[in-house]
Amino acid sequence: MTARPFALRSPTPMPGWGLSFGIMLTMLSVVVLIPMAVLLWRGFVGFGAAEMWAVINRPRVWNALELSFRAALIASLFNLVFGVLLAWVLVRYRFPGKRIIDAAVDLPFALPTAVAGIALTAIYAPNGVFGAPILQTFGIRVAYTEIGIWIALIFVGLPFVVRTVQPVIEEIDRETEEASATLGASRLRTITHVILPMLAPAALTGFALALARSVGEYGSVIFIAGNLPNVTEIAPLLIVIRLEVFDYDGAVAIAVAMLAISFTLLLAINLIQIRSRRRMGAV
Amino acid sequence: MFLVREGNPKGIEDWDDLIAEGIQVITPNPKTSGGARWNYLAAWGYAERNGLDPREFVGALYRNVPVLDTGARGSTTTFAQRGIGDVLLAWENEAHLALAELGEDQFDIVVPSISVLAEPPVALVEGNLPDDATRALATAYLEQLYSPEAQAMALRHYYRAWDVSAADPEDVARFPDLVRLTIEDFGGWAEVQPLHFGDDGIFDQIYQGQ
């Protein structure tokens, strides 16, 4: 296992480094890196940075980008809180139907998002089961407003936080909580100073996944959003609109803008995560 | 065609009723829907022929649109199933389909003074024909489309077909006579597409003014 045809030296004594690294790089290139590189190439070389900026720097595009990222942030924050709570209930309590609820959490992954969008619109439309009472009681319209977009994004992002936090809660020793209690900490203090810090890295990972997923979501949102320019028009719809009129360069420009903002956000979340892991003394 | 709620409570009779205050019009986004482009052009044509500023007229119309679906069927769903809007701008066959599928007691069809004639082309694409067998099949299909039987079938499904020789006279009688503009009245697609629906075209300007 010593002679290698390429210059990468095995950084670990574990066998199989060259092979697994090669497979990883090939797969990642074919599925992710090359398509992304083509997108950037087409944008910066084929179309030009100044031309792309001219496409992006318009009120309607800014409004759509702002809406997409704002709605994704709101939905992911909701999922962060609600997902941790749901994971906690699923791990710590026993109740009838627990297995069914546990399985139902994954449904947003399985369902085609267009189906989800149509179902949510039917329920939250002004004449829907939830939409009608909400409109009558609070005077709030859900479907065909930004609130409808939040609901659709909460739906598609729900499993991420639950599924990342669940195994961590399972790993927590009850003794840690008991130790906290015997040392005189109140229940609230145990939660804020013992439990939540342990969950934070996993919860942040789930949050980042949910955010990334909802920023690009198209299928479910277009049915419930109303799609009015400057009001409820999401950035992915602008891309589809460009494609529909064969303006591939314009579509690439908006895609590159979304990619850049998403990458910055995910990088920031990763940095926060590294800090919170260091605080925990974990790897 | 206009599809309105049963009994036409808002009294919508023609295009100029659509720009009135408080009327909600359901039509898809012309950027993503072919049918929506025809709706837009019909409104434009109405304004031109009635001494109105077409830009202002179409702008006022779209300011009354609360939901821009991406396709014509989506708009039909929004209007018929979700109960949004006072009037749906629909293909004639879609309007009849909505009546047949969702209940004649729920909607009425209003025939405006001006409409458009959309004639989707059908063609053999030489480059996509791999062999003679496929060519024979495709040619047979193309010829069958314009046979009296197939045309009668189209008429039965609320399409205005040309050949009425084999059709049920009742199917033919369902179509009211009205002024129908063609794309040539607007200068052809090569001119219409970039002028109205292109980047920063007239449709985009409607929403930039807000």
Side-chain angles (χ1 to χ4, degrees), chain A residues 51 54-56 58-64 114 117-132 135 141-145 148 218-234 236-251 253-254, chain B residues 5-6 24-37 40 58-59 61-86 102-103 106-107 189-190 192-210:
Chain A
E51 286 83 355
V55 171
I56 298 163
R58 300 169 190 209
R60 185 166 164 196
V61 177
W62 282 125
N63 284 333
I118 293 170
L120 289 171
T121 314
I123 292 171
Y124 286 101
N127 63 357
V129 184
F130 291 166
L135 183 63
R141 293 163 65 95
V142 179
Y144 310 117
T145 67
Y218 175 78
S220 61
V221 176
I222 51 155
F223 289 101
I224 202 166
N227 306 323
L228 286 185
N230 298 319
V231 186
T232 50
E233 186 178 56
I234 54 166
L237 176 60
L238 276 186
I239 296 178
V240 174
I241 286 176
R242 300 265 168 183
L243 293 178
E244 205 72 37
V245 295
F246 308 108
D247 179 11
Y248 299 120
D249 289 330
I254 301 171
Chain B
R5 308 276 168 209
E6 174 70 14
Q24 289 196 325
V25 183
I26 303 296
T27 178
N29 189 339
K31 294 282 218 169
T32 52
S33 158
R37 288 176 200 164
Y40 170 103
V58 172
L61 194 153
Y62 278 92
R63 273 188 284 284
N64 279 350
V65 175
V67 176
L68 272 182
D69 283 292
T70 48
R73 184 56 59 81
S75 282
T76 308
T77 308
T78 300
F79 178 78
Q81 317 259 39
R82 311 280 169 260
I84 306 279
D86 302 305
L102 305 162
Q106 295 194 40
F107 312 106
W189 278 120
V192 166
Q193 178 67 29
L195 175 69
H196 290 276
F197 309 121
D199 210 13
D200 289 335
I202 294 171
F203 180 74
D204 275 351
Q205 290 167 22
I206 290 173
Y207 283 100
Q208 273 159 11
Q210 289 185 349

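Scope of the values below: all heavy atoms of this structure, side chains included, with no hydrogens, waters or symmetry mates. Letters A, B, ... are given to chains in the order of the sequence lines, protein chains preceding strands, and every chain is numbered from 1.
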Quick check for you: among P126(A), A122(A), A225(A), P59(A), which has the greatest number of heavy-atom pairs under 4.5 Å with chain B?
A122(A)
If you count heavy-atom pairs within less than 4.5 Å of chain B, which of T121(A), L237(A), T232(A), I118(A) leads?
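Looking at each option in turn, the highest pair count goes to T121(A).
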Which atom of R141(A) lies closest to which atom of I84(B), heavy atoms considered:
NH2-CD1, 3.9 Å
Could you report the tightest heavy-atom contact between V245(A) and Q193(B), atom names first, then the distance?
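Distance-wise, the nearest heavy atoms are CG1-NE2, 3.8 Å.
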Going by side-chain contact (heavy atoms from CB on, under 4.5 Å), name the residues that satisfy it together with [X], two or more places apart in sequence or in a different chain.
X: Y124(A); answer: L120(A), F130(A), I134(A), V142(A), A143(A), I151(A)
X: E51(A); answer: F47(A)
X: R242(A); answer: V55(A), R58(A), D247(A), A251(A), I254(A), D199(B)

Enter the distance from L228(A):CG to N29(B):CG here, rounded to the nearest 0.5 Å.
9.5 Å
CG/N227(A) to NZ/K31(B) distance, rounded to the nearest 0.5 angstrom?
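Going from the CG atom of N227(A) to the NZ atom of K31(B) covers 14.0 Å.
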Taking the side chain as C-beta and beyond, is there a heavy-atom pair between E233(A) and Y207(B) under 4.5 Å?
no
Would you say R73(B) has more than 12 foreign heavy atoms packed within less than 6.0 Å of its CZ?
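Incorrect, the count does not exceed 12.
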Below 4.5 Å from any heavy atom of chain A, which atoms of T78(B) appear? Answer side chain, backbone, both or neither.
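Backbone plus side chain of T78(B), per the 4.5 Å heavy-atom cut-off to chain A.
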Using non-hydrogen atoms and a limit below 4.5 Å, what part of residues 64-72 of chain B faces chain A?
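Counting heavy atoms that sit under 4.5 Å from chain A, the residues of residues 64-72 of chain B involved are V65(B), P66(B), V67(B), L68(B), D69(B), T70(B).
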